[in-house]
Every structure is written in C-alpha cells, then in structure tokens.
There are 2 protein chains.
Amino acid sequence: MRRLRAVTTRVEQRRRTETRILTAARQLFGEQGFDRTTIRAIATRAGSDPGLVMRYFGSKEKLFAQAAAIPADGPIEGSPEQIAEQLVAALTEKLADEPAAALAALRAMFTHPEAAEEVRAAMTAQQRQVAAQLSGDDALVRSGVIGALTLGLVISRHLVRLDGLDASPEELMAVAGPLLEKLATG
Amino acid sequence: MRRLRAVTTRVEQRRRTETRILTAARQLFGEQGFDRTTIRAIATRAGSDPGLVMRYFGSKEKLFAQAAAIPADGPIEGSPEQIAEQLVAALTEKLADEPAAALAALRAMFTHPEAAEEVRAAMTAQQRQVAAQLSGDDALVRSGVIGALTLGLVISRHLVRLDGLDASPEELMAVAGPLLEKLATG
DNA sequence: TCATTCGGTCTACATGTGTTGACTGAAAAG
DNA sequence: CTTTTCAGTCAACACATGTAGACCGAATGA
C-alpha cells in the first residue's frame with residue numbers, strides 16, 4: 001500500500017475495459033444483430049481479447065442481455081389530451097436519439113427470442129397504461145396502433161433508414177404528432 | 001419409351017420436391033430468420049436431404065433469394081383521396097394475410113443485407129409513387145410516415161404479434177384507415 | 001521483499017454449418 | 001435389352017464460433 005500511485009489503478013482499469021467491451025457490443029449488436037456479431041469482433045473493436053470478454057461477462061448471451069437492456073419509459077397518465085402530449089414527447093425523444101442499447105434490442109428482436117421478449121415487455125407496459133386511460137370499446141386496438149406506429153417510425157428511421165424519415169424530429173412530429181392525438185382522443 | 005407409365009414421372013417428382021423445399025424454406029426463414037435457419041432443418045421439414053437442397057438451389061443464399069422474393073404491389077395513382085383509398089385497400093390485404101415470402105423477407109431484413117435491400121426496394125417504389133402525387137412541401141415526409149406506419153402495422157401484427165393487433169383487419173383499418181387518409185390528403 | 005491477486009494474451013477444443021462428391025437404384029432413351 | 005440420365009442418400013471436409021484453460025507480468029498487500 002505504501003507505493004507510488006500507479007497511473008491507473010487496477011479496479012479502474014477493469015472498469016474501463018468492461019465499459020469499452022460493453023460499448024463495442026452495443027454498437028455491433030445494433031449494427032448486425034445477435035447472430036452475426038461474434039465475440040471476436042466485439043473484442044477487436046474494444047481493443048481487447050475474446051477470453052476477457054468471456055471472463056467478464058460469462059457468455060455471449062449474458063453480454064447481450066446487459067448490452068441490450070431497454071431503459072424503461074416514464075409513466076403515462078392523465079386525460080386523453082395529456083396522454084397524447086406525453087406520447088408525442090416520448091416519440092420525439094426516440095426519434096432524436098434512441099439509445100444504442102435499445103437499438104440493439106430492436107435489431108435483434110426479430111431473430112432472438114429473449115430480445116423479442118425484452119421489447120415486448122417494454123411495449124406492452126406502455127400499451128396497458130395507454131389503453132387503461134382511453135375511452136371507447138376500441139381502446140385496446142387504438143393503443144395497439146399507437147405502439148405499431150411508434151415501432152414503425154423508430155425502426156424505419158434508425159434501422160431501415162427509410163427515405164423521407166431522415167428529416168428532423170420536429171418535421172417528423174409535425175406529421176406524426178396529429179396522428180397520435182387522433183389515436184388518443186378517438 | 002415403350003414402357004408402362006410410371007406412377008409419377010421424373011420431372012413431376014422433381015418439381016414437387018423443389019416446391020416442398022421452397023415451402024419449407026419460406027416457413028423457416030419466416031419463423032427464425034436467415035441465420036438461424038439451417039439447410040438441414042429445411043431439408044428435414046421438406047422430407048428431403050441437405051444435399052438435394054444444395055443441388056437444386058445452388059446455395060443457401062440463392063435459396064433464400066427465391067424463397068423471400070416480395071411480390072410487387074400494384075401501381076398507386078390518382079387524387080389524394082384516390083391514393084388514400086388504394087393505400088387502405090393495400091394495407092387491408094397485407095393485414096389479412098401477408099404472403100410467407102414477404103414475411104421471410106421482413107423477418108430477415110434486419111440482419112440480412114440483401115433482404116434489407118429487397119424490402120427497401122419494394123417500399124421505396126411505392127413511396128415514390130405516393131410522394132409524386134401528394135401536394136405540399138412535406139410530401140416526402142408524409143409518404144415516409146405512410147411507409148413507416150404500414151411497416152409498423154404489418155410487423156407488429158405478423159412478426160411481433162403485439163397486443164391489440166390480433167383484431168380483425170376491418171377493426172384495425174377502422175382505426176388505421178383515417179390515419180392514412182389524413183396523411184394522404186394533408 | 002515476498003507472496004498473491006488479477007488483468008491480459010494465447011492456444012486449443014468441441015460443435016454446428018454450408019458445401020462437396022461419391023454412390024445407388026430406378027426411370028428414360030436407344 | 002443395354003446404356004444413360006438423374007432423383008435421392010450418405011459420409012466427409014473446411015471453416016467459423018463460443019468457450020475453457022494455461023500462462024505471463026504487473027499491481028497489490030503484508
């Protein structure tokens with residue numbers, strides 16, 4: 001303990017390396033999905049080694065679970081008008097910049113069962129909140145269409161890079177916002 | 001040639017086997033995507049042999065290209081109201097039953113570059129037609145949102161099986177139809 | 001100063017997969 | 001009847017990948 005302070009301590013070095021690996025994993029999972037992303041590629045991009053990746057994260061599955069954890073959305077509640085307002089705000093944010101972890105989950109959800117469950121859970125949670133506050137016997141369908149529209153826009157912009165969706169979030173919401181209002185208010 | 005007629009002729013047998021393989025491939029590609037679908041699994045489901053699959057289709061890539069070919073949509077043209085009407089008709093059909101080949105392409109597009117190009121091409125084609133007929137300087141954005149909404153609904157229903165989207169196509173279109181009209185007419 | 005921990009590197013193994021080629025038997029052709 | 005073609009089967013190969021374990025050297029702690 002009575003030593004000259006090392007330039008970087010050991011725990012800090014460990015933390016940095018883990019972060020580099022996790023960042024590289026998020027990027028690659030988001031770009032290529034789960035199956036096409038190899039432990040070796042992650043290690044290379046992180047400037048590290050496949051063996052370390054395994055030692056630190058246990059397995060490719062566990063690494064993915066950590067890298068593709070979707071941050072929970074805030075609660076949605078209030079009158080239909082307030083609901084619409086909150087939906088617009090949430091979607092605007094998702095269009096501006098969706099976190100890399102969420103993009104990784106979205107990319108992988110179509111081929112990776114656990115990623116599918118992750119996204120389903122997140123979407124279902126929001127959907128139930130919305131449906132509970134809406135009136136009308138088609139509330140469930142409308143909340144479903146809200147989810148589908150949200151999913152479609154986020155995917156089309158960040159993953160598919162569809163023509164016309166590379167506009168600014170404001171321009172997009174000028175078009176999509178009224179749709180959400182219509183769906184929320186009936 | 002002067003023989004008793006065989007129960008099934010050779011060319012016919014060949015055609016049948018090819019069809020069984022193609023059907024099995026479409027199903028599996030649609031259920032699990034490209035990477036997780038193995039030639040062996042396709043052969044097994046088709047009641048055939050991996051070697052035959054290769055001989056008949058050349059490679060896994062070529063088989064996928066044949067299995068995941070998206071049928072082209074009909075032309076879309078006319079006034080904004082007519083455009084809306086045609087969009088509603090097209091989407092209703094996609095919600096009722098999307099062909100297995102299209103589902104395979106949609107499932108694989110997020111991880112398989114050629115599948116992505118396939119879907120992009122189909123969507124871009126329709127999108128250009130729509131954008132050309134719409135008025136307003138946000139025509140491109142609106143056509144993009146139309147595409148995103150369509151994609152979101154089809155994916156959410158057939159691939160993600162989102163809550164609330166298992167309703168009948170009519171119920172869904174009762175909610176989504178007005179959105180398309182709004183997008184088309186501005 | 002000495003022993004221990006631990007981040008990092010390298011090698012190797014087991015497994016699954018696309019793909020190839022040899023082989024068989026029956027249908028087709030003469 | 002003889003030869004040729006070809007659908008179908010089987011075994012094997014080359015390769016990539018997840019994963020485990022041995023090993024090294026520096027930071028750590030007494």
Side-chain angles (χ1 to χ4, degrees), chain A residues 1-22 24-25 28-29 31-68 108 111-115, chain B residues 1-22 24-25 28-29 31-68 108 111-115:
Chain A
M1 180 206 272
R2 203 33 41 96
R3 275 293 184 73
L4 271 176
R5 188 54 158 283
V7 185
T8 60
T9 173
R10 201 138 73 170
V11 285
E12 190 179 355
Q13 185 63 16
R14 160 84 181 236
R15 197 186 52 78
R16 286 187 188 174
T17 303
E18 272 186 355
T19 303
R20 288 206 321 276
I21 292 174
L22 209 50
L28 286 169
F29 284 138
E31 292 166 11
Q32 316 182 340
F34 181 83
D35 294 314
R36 284 174 126 91
T37 299
T38 70
I39 295 284
R40 285 166 172 80
I42 293 172
T44 299
R45 178 170 297 198
S48 181
D49 180 275
L52 261 203
V53 176
M54 294 302 299
R55 176 125 52 95
Y56 287 170
F57 293 91
S59 70
K60 187 182 177 184
E61 288 288 350
K62 289 179 186 166
L63 171 57
F64 178 76
Q66 280 200 43
T111 44
H112 193 291
E114 294 194 36
Chain B
M1 180 208 270
R2 204 34 38 97
R3 274 293 184 71
L4 270 176
R5 189 56 156 282
V7 184
T8 60
T9 174
R10 203 139 69 170
V11 286
E12 190 179 356
Q13 186 62 18
R14 160 83 180 238
R15 198 186 52 76
R16 285 186 188 174
T17 302
E18 273 186 353
T19 303
R20 286 204 323 274
I21 292 174
L22 210 49
L28 286 170
F29 284 138
E31 292 167 11
Q32 318 181 339
F34 181 82
D35 294 313
R36 284 172 126 90
T37 299
T38 71
I39 295 284
R40 286 167 172 80
I42 293 172
T44 299
R45 179 171 296 199
S48 183
D49 180 275
L52 259 202
V53 175
M54 294 302 298
R55 175 124 57 92
Y56 287 171
F57 293 91
S59 70
K60 188 184 177 184
E61 287 288 350
K62 288 179 185 166
L63 171 58
F64 177 76
Q66 280 200 45
T111 44
H112 193 292
E114 294 195 36

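Just so we're clear, the structure is a prediction, and the values are computed from it rather than from any experiment. Within every chain, numbering begins at 1; the chains are lettered A, B, ... in the order of the sequence lines, protein sequences first and strands thereafter.
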- Message: Run the salt bridge (charged side-chain N to carboxylate O under 4.0 Å, His left out) test against B:R36 and tell me which residues pass, sequence neighbours left out.
- Response: A:D35
- Message: Does anything in residues 43-60 of chain A form a side chain to side chain donor-acceptor pair (under 3.5 Å)? List the pairs, not counting sequence neighbours.
- Response: A:Q27-A:R45, A:E31-A:R45
- Quick one: closest heavy-atom pair of B:T17 and B:L52, and the distance? CG2-CD1, 4.3 Å
- A:A43 to A:P50 - nearest heavy-atom pair and separation: CB-N, 3.4 Å
- Task: Evaluate the ring planes of A:F34 and A:F29, with Trp represented by its six-membered ring, and classify them as parallel (under 30°), tilted (30 to 60°) or perpendicular (over 60°).
- Result: parallel
- To the nearest Å, how far apart are B:R10 CZ and C:dG25 P? 15 Å
- Message: Walk along nucleotides 8-21 of chain D from 5' to 3' and tag each nucleotide B, S or - by protein heavy-atom contact under 4.0 Å, base first, then sugar-phosphate.
- Response: BBB-B----BBB--
- Message: For the CD atom on B:E114, are there more than 12 heavy atoms of other groups (residues, nucleotides or ligands in this structure) within a distance under 6.0 Å?
- Response: no
- Starting from C1' on C:dT19, measure out to CD1 on B:I42 and report it in whole angstrom. 14 Å
- Message: What is the distance, to the nearest angstrom, from the CD atom on A:E18 to the C1' atom on C:dG8?
- Response: 14 Å
- Task: Starting at atom CD of A:E12, determine the distance to atom C1' of C:dC6, rounded to an integer number of angstrom.
- Result: 16 Å
